[in-house]
J.: 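There's a structure below that I have some questions on.
FYI, side chains are in, hydrogens and waters are out, and symmetry mates aren't considered; it's all heavy atoms of this structure. Values in this document were obtained by computation on a predicted structure and should not be read as measured data.
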Amino acid sequence: MPAAGYGASLAASKARSPPAGTPDATEPENSRSGVVTIPLDKQYVPVVRKNHVVSYKTAYFGKVSLGMPQQGTQVFTVLFDTGSGHFFLPSAACETETCVRHRRYDARASSSAVDIDHEGLEVAANATGRDQVAVAYGTGEIVGEFVRETVLRHSRVNGRLESKCL
């Protein structure tokens with residue numbers, strides 16, 4: 001059975017060359033370029049066949065907070081799907097064994113969460129159905145609904161953890 005969750009899009013636009021005298025487009029503080037930088041951790045996951053490691057998959061994780069007000073954000077370490085530009089979170093409504101083992105995102109706890117369809121358009125509050133996305137992985141499938149949400153990234157500045165709204 002697929003795990004139900006919410007999908008949040010982190011699609012970044014193509015970087016343009018910044019004007020002379022401005023920070024480099026790779027610097028996290030540069031929002032003019034349209035590129036968002038989130039520090040990621042990389043993990044190599046062994047692929048095992050017949051009790052032998054035959055290759056390694058690479059997984060990228062990062063820490064994000066979702067929702068407003070900022071003092072009530074929900075913090076998650078997420079696996080970034082490098083193929084789609086989305087990340088998935090287990091929904092508070094999901095009761096599968098997989099979902100209940102993880103922290104779950106509750107859109108109702110956020111004043112900035114907006115239910116959207118696959119084109120990014122707001123879904124009416126009285127809608128009886130929702131667009132869903134399904135992504136199949138080697139280990140299973142994830143099915144989720146789309147939500148537009150405020151995302152905050154975390155970074156260390158002079159030894160202090162800072163959050164910045166994206």
J.: Just verifying a value: how many Å separate Ile116 CD1 and Glu145 CD, rounded to the nearest 0.5 Å?
T.: 11.0 Å
J.: What pair of heavy atoms forms the shortest contact from Gln74 to Arg104, and how long is it?
T.: OE1-O, 3.9 Å
J.: Are the side chain of Ser65 and the backbone of Thr73 linked by a donor-acceptor contact shorter than 3.5 Å?
T.: no
J.: Distance from Thr77 atom OG1 to His102 atom NE2, nearest 0.5 Å?
T.: 10.5 Å
J.: Given the rule that I, L, V, M, F, W and Y join up when any side-chain heavy atoms are under 4.5 Å apart, are Leu40 and Phe76 in one cluster?
T.: yes
J.: Is the shortest side-chain heavy-atom distance between Tyr105 and Val147 below 4.5 Å?
T.: yes
J.: Looking at every non-hydrogen atom in both residues, tell me the closest pair between Val100 and Cys94 and how far apart they are.
T.: CG1-O, 4.3 Å
J.: For the CG atom of Asp41 and the CG atom of Leu79, what is their distance to the nearest 0.5 Å?
T.: 12.0 Å
J.: Determine whether a donor-acceptor pair (N or O, by modelled atom type, separation under 3.5 Å) exists between the side chain of Ser112 and the backbone of Glu149.
T.: no
J.: Please confirm whether the backbone N or O of Asp115 pairs with a side-chain atom of Arg148, one donor and one acceptor, at under 3.5 Å?
T.: no
J.: After noting the C-alpha distance and the side-chain angles of Leu66 and Val75, does the key distance pass the side-chain contact (heavy atoms from CB on, under 4.5 Å) rule?
T.: CA-CA 7 Å; Leu66 291 108; Val75 180; over 6 Å; no
J.: Does atom CZ of Phe61 have more than 12 heavy-atom neighbours from other groups under 6.0 Å away?
T.: yes
J.: So do the side chains of Tyr44 and Thr58 get within less than 4.5 Å of each other, counting heavy atoms only?
T.: yes
J.: Check whether any side-chain heavy atom of Arg103 lies under 4.5 Å from a side-chain heavy atom of Pro90, and answer yes or no.
T.: no
J.: Under a 4.5 Å cut-off applied to non-hydrogen side-chain atoms, are Val133 and Phe88 in contact?
T.: yes
J.: Check Ser110 against Met68 and note the closest heavy-atom contact, atom names and distance.
T.: OG-N, 3.3 Å
J.: Rounded to the nearest 0.5 Å, what separates atom CG in Asp106 from atom CG in Leu89?
T.: 11.5 Å
J.: Mark yes when over 12 heavy atoms from residues, nucleotides or ligands other than Arg108 sit less than 6.0 Å from its CZ; otherwise mark no.
T.: no
J.: Taking Val123 as the starting point, is it possible to reach Val143 by hopping between hydrophobic residues whose side chains are less than 4.5 Å apart?
T.: no
J.: Without swapping roles, check the side chain of His52 against the backbone of Val48 for a donor-acceptor pair under 3.5 Å.
T.: no
J.: Do Gln43 and Lys57 have side chains that get closer than 4.5 Å, going by heavy atoms?
T.: no
J.: Do the numbers put Arg130 on top of the ring of Phe146, so that NZ or CZ is under 6.0 Å from the six-membered ring centre and no more than 45° off the axis?
T.: no
